[in-house]
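Throughout, a chain's letter reflects where its sequence line sits, starting with A, and its residues are numbered from 1.
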Protein chains: 2
Amino acid sequence: MATPPTPSAKNSLLKLENQLCFPFYAVSRLLTKAYQPLLQALDLTYPQYLVFLLLWEHEQLTVKELGEKLLLDSGTLTPLLKRMEQKQWLSRRRDPRDERSVIIALLPAGRALEARADQIPLLMLDKMQMSEGEITALRTHLTHLLTQLA
Amino acid sequence: MATPPTPSAKNSLLKLENQLCFPFYAVSRLLTKAYQPLLQALDLTYPQYLVFLLLWEHEQLTVKELGEKLLLDSGTLTPLLKRMEQKQWLSRRRDPRDERSVIIALLPAGRALEARADQIPLLMLDKMQMSEGEITALRTHLTHLLTQLA
DNA sequence: GAAAAATAAATTGTGCACAATCAAACATTA
DNA sequence: TAATGTTTGATTGTGCACAATTTATTTTTC
């Protein structure tokens with residue numbers, strides 16, 4: 001079905017295969033899909049898992065702090081956190097000392113998930129099949145890009 | 001399985017800063033945001049731009065072929081393509097020789113966007129501030145990961 | 001200390017992503 | 001060729017993402 005390239009598109013940067021950004025977009029989605037069977041066992045989505053990574057470490061954080069660390073805004077976080085509150089994984093309450101802020105705090109049911117999640121990072125590293133060196137190199141480039149774009 | 005973790009190292013894998021996947025997720029979203037002002041001028045979203053990259057090169061493709069190249073399924077593509085059809089950028093019709101397939105064909109208004117988009121790749125390369133070598137290295141790693149995960 | 005500016009969430013609306021299900025068209029084979 | 005199985009899109013429902021606006025609260029400035 002695919003027709004031969006048209007003259008205007010020959011050797012162009014406007015070709016999917018010459019794009020650098022598409023692989024980022026594709027890999028990001030494939031990684032989320034690779035997490036899916038592992039997270040589904042915990043009834044979690046990938047963004048919810050990211051919130052838990054922070055809460056397991058910090059016990060409680062404001063919505064603003066979560067947003068700064070995950071690079072997400074309240075339009076994304078508020079409904080997501082409400083769904084997690086419904087499941088009794090965390091609590092949402094205003095900071096008495098600054099009523100503008102909402103404090104997200106880990107609840108026992110949320111803490112209990114930590115033990116069940118502890119195999120996930122190694123299982124994912126396994127799926128990626130990359131050497132220690134490749135991973136280090138990639139992390140360096142990604143961090144550079146991240147600071148460049150953020 | 002990779003290397004067995006020491007007790008202390010095991011816990012640290014469940015920290016956001018030690019995640020490899022989060023930077024992919026974050027960079028992917030930041031890249032899309034970096035495209036946004038450039039694409040908004042053409043009334044395009046990033047996934048729509050990706051569809052155009054393929055149509056500018058191939059003139060016409062089936063939904064299945066678009067899905068294979070972009071790693072997207074019909075649940076994503078069908079409504080996206082309908083929105084693009086509304087704007088007269090492309091046509092959707094069944095293949096007379098196999099009524100199961102839908103052929104997506106570029107229309108003049110869609111072709112006209114190509115010239116207005118041709119600066120985008122260089123502008124994006126500029127935003128990323130990476131050397132030729134870094135880009136090549138990154139593309140290699142990403143391609144490896146992509147085949148590993150796809 | 002009142003008005004103005006800044007900050008933090010919530011809300012609204014649009015557009016992906018994707019799992020799951022369905023229906024139609026085509027291919028296979030007994 | 002009738003029954004079975006496969007392929008292709010469409011549909012439905014849920015959950016992000018994010019721009020833009022709104023509301024409540026706090027801080028700053030005059």
Open item on the list: Does D/dG9 have OP1 or OP2 under 4.0 Å away from a side-chain N or O of B/Arg92?
Closed with: no
Open item on the list: Is there a side-chain contact between A/Lys82 and the phosphate of C/dT11, meaning an N or O under 4.0 Å from OP1 or OP2?
Closed with: yes
Provide, to the nearest angstrom, the distance between the [atom1] atom belonging to [X] and the [atom2] atom belonging to [N].
X	N	atom1	atom2	answer
A/Asp95	C/dA9	CG	C1'	13 Å
B/Leu61	D/dG9	CG	C1'	16 Å
A/Arg93	D/dA24	CZ	P	22 Å
A/Leu81	C/dT11	CG	P	13 Å
B/Glu65	D/dT7	CD	C1'	14 Å
B/Asp98	D/dT6	CG	P	17 Å
A/Glu99	C/dA10	CD	P	12 Å
B/Glu85	D/dG9	CD	C1'	14 Å

State whether the side chain of [X] and the backbone N or O of [Y] hold a donor-acceptor pair below 3.5 Å, judged by distance alone.
X	Y	result
B/Trp56	B/Gly110	yes
A/Gln119	A/Arg116	no
A/Thr147	A/His144	yes
A/Asn18	A/Ser12	yes
A/Glu57	A/Leu54	no

Task: Residue whose closest nucleotide on DNA chain C lies nearer the 5' end, B/Arg100 versus A/Thr62 - done: A/Thr62
Task: Minimum heavy-atom distance B/Ser74-B/Pro79, with the two atoms named - done: O-CD, 3.8 Å
Task: C/dA8 base / A/Ser101 side chain donor-acceptor hit below 3.5 Å - done: no
Task: Check: B/Ser74 side chain, D/dA10 base, donor-acceptor under 3.5 Å - done: yes
Nucleotide N/O to protein N/O under 3.5 Å, stretch nucleotides 15-18 of chain D:
unit_1: D/dC16; atom_1: OP1; unit_2: A/Thr45; atom_2: OG1; d: 2.7
unit_1: D/dC16; atom_1: OP2; unit_2: A/Gln48; atom_2: NE2; d: 2.9
unit_1: D/dC16; atom_1: OP2; unit_2: A/Arg83; atom_2: NE; d: 2.9
unit_1: D/dC16; atom_1: OP2; unit_2: A/Arg83; atom_2: NH2; d: 3.0
unit_1: D/dC16; atom_1: O5'; unit_2: A/Arg83; atom_2: NH2; d: 2.9
unit_1: D/dA17; atom_1: OP2; unit_2: B/Tyr25; atom_2: OH; d: 2.4
unit_1: D/dC18; atom_1: OP2; unit_2: B/Arg29; atom_2: NE; d: 3.4
unit_1: D/dC18; atom_1: OP2; unit_2: B/Arg29; atom_2: NH2; d: 3.3
unit_1: D/dC18; atom_1: N4; unit_2: A/Gly75; atom_2: O; d: 3.3

Please list, one pair per line, the donor and acceptor atoms closer than 3.5 Å that link side chains of residues 42-50 of chain B to other protein atoms, with sequence neighbours excluded.
unit_1: B/Asp43; atom_1: OD1; unit_2: B/Lys87; atom_2: NZ; d: 3.4
unit_1: B/Asp43; atom_1: OD2; unit_2: B/Lys87; atom_2: NZ; d: 2.9
unit_1: B/Thr45; atom_1: OG1; unit_2: B/Gln48; atom_2: N; d: 3.3
unit_1: B/Tyr46; atom_1: OH; unit_2: A/Phe22; atom_2: N; d: 3.4
unit_1: B/Gln48; atom_1: OE1; unit_2: B/Thr45; atom_2: N; d: 3.3

